[in-house]
Number of protein chains: 2
Amino acid sequence: MTGLLATTLTTKLTVSNLLDGDDIRAIQSLPIRTRNIDALHVIVADGDRPAECCLLTEGFAFRAKTTFDGQRQVLSMHIPGEIPDLQSLHLKVMDHDLTSLTRCTTGFIPHDALRQLNRERPNVAAALWRETLIDAAIFREWIVNVGRRSAAARMTHLLIELYRRLEAVGLAKSGAFELPITQSLLGDCLALSTVHVNRVLQDLRGAGLLTVNRANFQLLQQEKLEDMAGFDGAYLHQAPSI
Amino acid sequence: MTGLLATTLTTKLTVSNLLDGDDIRAIQSLPIRTRNIDALHVIVADGDRPAECCLLTEGFAFRAKTTFDGQRQVLSMHIPGEIPDLQSLHLKVMDHDLTSLTRCTTGFIPHDALRQLNRERPNVAAALWRETLIDAAIFREWIVNVGRRSAAARMTHLLIELYRRLEAVGLAKSGAFELPITQSLLGDCLALSTVHVNRVLQDLRGAGLLTVNRANFQLLQQEKLEDMAGFDGAYLHQAPSI
DNA sequence: CGGACTGTTGATTCGAATCAAAACCGGTGG
DNA sequence: CCACCGGTTTTGATTCGAATCAACAGTCCG
């Protein structure tokens with residue numbers, strides 16, 4: 001693994017973990033297969049038994065489950081630097097879909113190579129484990145979002161979360177970020193109908209709290225938005241080793 | 001660690017992981033502090049920085065978040081054999097509460113000891129990691145439950161999940177299990193009001209699908225219940241190493 | 001026996017879904 | 001260049017599931 005792919009992963013892991021030079025070199029020598037993926041393409045499907053993990057380098061992806069009666073619930077959004085299906089390393093069968101939102105650049109790393117790395121470099125294993133735990137922390141907050149917040153607070157909370165995560169990897173600043181997501185998919189994230197998503201966004205725009213043109217989101221009054229969403233970023237565990 | 005505590009943990013981990021004799025001996029020699037905890041007592045609180053993990057040996061516990069306006073959302077239920085705060089090993093600050101539902105027998109294991117064990121015995125590290133990944137899989141299904149299912153389906157899905165998990169550790173059979181949970185707490189699990197929980201349970205009883213007297217739940221028509229809940233147990237990842 | 005949860009019932013309200021249709025857009029091909 | 005098309009966004013009218021409000025009954029326990 002060299003170039004962008006290596007940088008993406010090592011940057012992510014060294015920010016919040018204590019890796020030494022050997023750890024980083026071991027990561028950089030992982031075998032990796034680069035692949036470009038079209039928008040809205042199922043990368044790994046529910047029921048699959050993948051033999052590799054997918055490192056997202058460019059573009060966005062999301063994980064979702066579909067109920068037997070065809071309703072879809074998005075479980076998480078994924079941004080560059082993440083390995084959305086890292087859990088497949090220890091859970092053989094996928095229990096949900098991983099889908100590209102936009103065109104993506106990805107790197108596939110064989111499970112075997114990752115297992116060997118984990119065995120030889122406990123620091124790296126701990127860092128990767130930690131990433132899956134942050135994942136779980138985000139799921140927990142997602143449960144609260146869908147279960148307990150009003151439609152407007154739900155929307156706001158999701159947008160702030162995305163902003164914070166994108167900001168942390170340099171893909172957003174000053175409250176602005178690019179995310180080519182439809183209102184329908186936002187509805188599947190928030191367990192709201194498309195119609196209601198539209199109305200909520202209009203209310204938020206009307207209140208002067210944000211703007212949205214196509215894929216461009218601009219959070220205008222972050223303080224106020226955080227208040228109305230009851231947002232506390234602690235669950236993102238972004239501070240180094242905290 | 002000896003006796004019941006050791007048995008609880010090693011049973012759990014050996015069922016679905018490949019541990020050898022040395023692994024098991026290493027687990028059994030973990031230092032552990034036994035403690036009894038009263039019902040409805042906060043074991044680890046949001047914001048805490050625990051230095052040990054809590055192995056649940058007897059009794060039930062749950063994890064929950066409270067929003068700034070005082071609403072509570074239960075995130076998961078925990079049964080004997082589980083380590084509900086294992087994530088604290090790598091995420092220093094708790095982002096939710098862990099609370100006992102009933103009187104519990106617990107064993108506290110220092111993080112230091114667990115870290116050393118993970119370093120020396122990669123098999124054990126993988127087994128523990130896997131437990132946290134199953135945790136996350138259950139969170140994902142919980143999102144779907146709260147986000148996409150009707151009140152009745154939600155209730156049913158939760159009860160079947162609990163039954164399956166209890167059955168797997170020998171604490172339930174023939175559709176029956178003991179769980180001293182109030183309707184109010186069930187509401188906090190399902191994001192429903194207490195009143196509505198009551199009505200849904202009456203409907204299910206009325207349809208002859210289950211009975212509830214105090215803490216005793218009896219699922220009468222499991223097939224039918226699974227159908228109406230859209231239950232697919234794959235997300236519990238109970239089959240050994242699958 | 002009294003008090004505090006817990007469970008139950010009925011009446012009413014409300015947030016969001018649903019249904020239906022129009023307006024808007026970005027592309028495609030004639 | 002314009003007509004057309006599918007997907008997306010927007011608007012309005014109506015319905016519905018669950019919340020809320022308000023009592024009351026049951027149960028446990030000191």
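Every chain is numbered from 1, with letters handed out A, B, ... down the list of sequences.
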Q: B:R148 near the nucleic acid: base, sugar-phosphate alone, or nothing, with a heavy-atom cut-off under 4.0 Å?
A: nothing
Q: Round to the nearest Å and state the distance from A:L101 atom CG to D:dT8 atom C1'.
A: 14 Å
Q: Using whole Å, report how far CG of B:L192 lies from P of D:dC16.
A: 20 Å
Q: Tell me whether the rings of B:H157 and B:Y235 are parallel (<30°), tilted (30 to 60°) or perpendicular (>60°).
A: parallel
Q: Under the 3.5 Å rule, do the base of C:dG26 and the side chain of A:R214 count as making a donor-acceptor pair?
A: no
Q: Side-chain donor-acceptor pair under 3.5 Å between B:T67 and A:R148, yes or no?
A: no
Q: Does the side chain of A:H41 pick up a donor-acceptor pair with the side chain of A:T99 at under 3.5 Å?
A: no
Q: Would you indicate which nucleotide in C:dA16, D:dC21, D:dT8 comes nearest to any side-chain atom of A:T182?
A: D:dT8
Q: Quick check on D:dT9: is either OP1 or OP2 less than 4.0 Å from any side-chain nitrogen or oxygen of A:N198?
A: no
Q: Pairing donors with acceptors under 3.5 angstrom, does anything connect the side chains of A:E141 and A:N145?
A: no
Q: When you check the side-chain N and O atoms of B:H196 and B:T194, is any donor under 3.5 Å from an acceptor?
A: no
Q: Quick one: label B:R205 by what it contacts on the DNA or RNA (base, sugar-phosphate, nothing), any heavy atom closer than 4.0 Å.
A: sugar-phosphate
Q: Rounded to whole angstrom units, what separation is found between the CD atom of B:Q183 and the C1' atom of D:dT27?
A: 13 Å
Q: Whole angstrom is fine here: how far is it from NE2 in A:H196 over to P in D:dT14?
A: 19 Å
Q: At 4.0 Å (heavy atoms only), tell me whether A:S193 reaches a base, stays on the sugar-phosphate, or touches nothing.
A: base
Q: Rounded to whole angstroms, how far apart are CG on B:D203 and C1' on D:dA18?
A: 13 Å
Q: Could you give the CG-to-C1' distance, from B:N213 to D:dC28, as a whole number of Å?
A: 17 Å
Q: Categorize B:A152 for me: base, sugar-phosphate, or nothing, with a 4.0 angstrom heavy-atom threshold over every strand shown.
A: nothing
Q: For C:dT9, does OP1 or OP2 lie under 4.0 Å from any side-chain N or O of B:Q202?
A: yes
Q: How many whole angstroms separate atom CD1 of A:I181 from atom C1' of D:dG7?
A: 16 Å
Q: Do the side chain of B:R199 and the base of D:dG17 come within less than 3.5 angstrom through a donor-acceptor pair of N or O atoms?
A: no
Q: May I have the distance from A:L190 (atom CG) to C:dG15 (atom P), rounded to whole angstrom?
A: 18 Å
Q: Report which part of the nucleic acid B:T194 touches: base, sugar-phosphate, or nothing (heavy-atom distance under 4.0 Å, all strands).
A: nothing
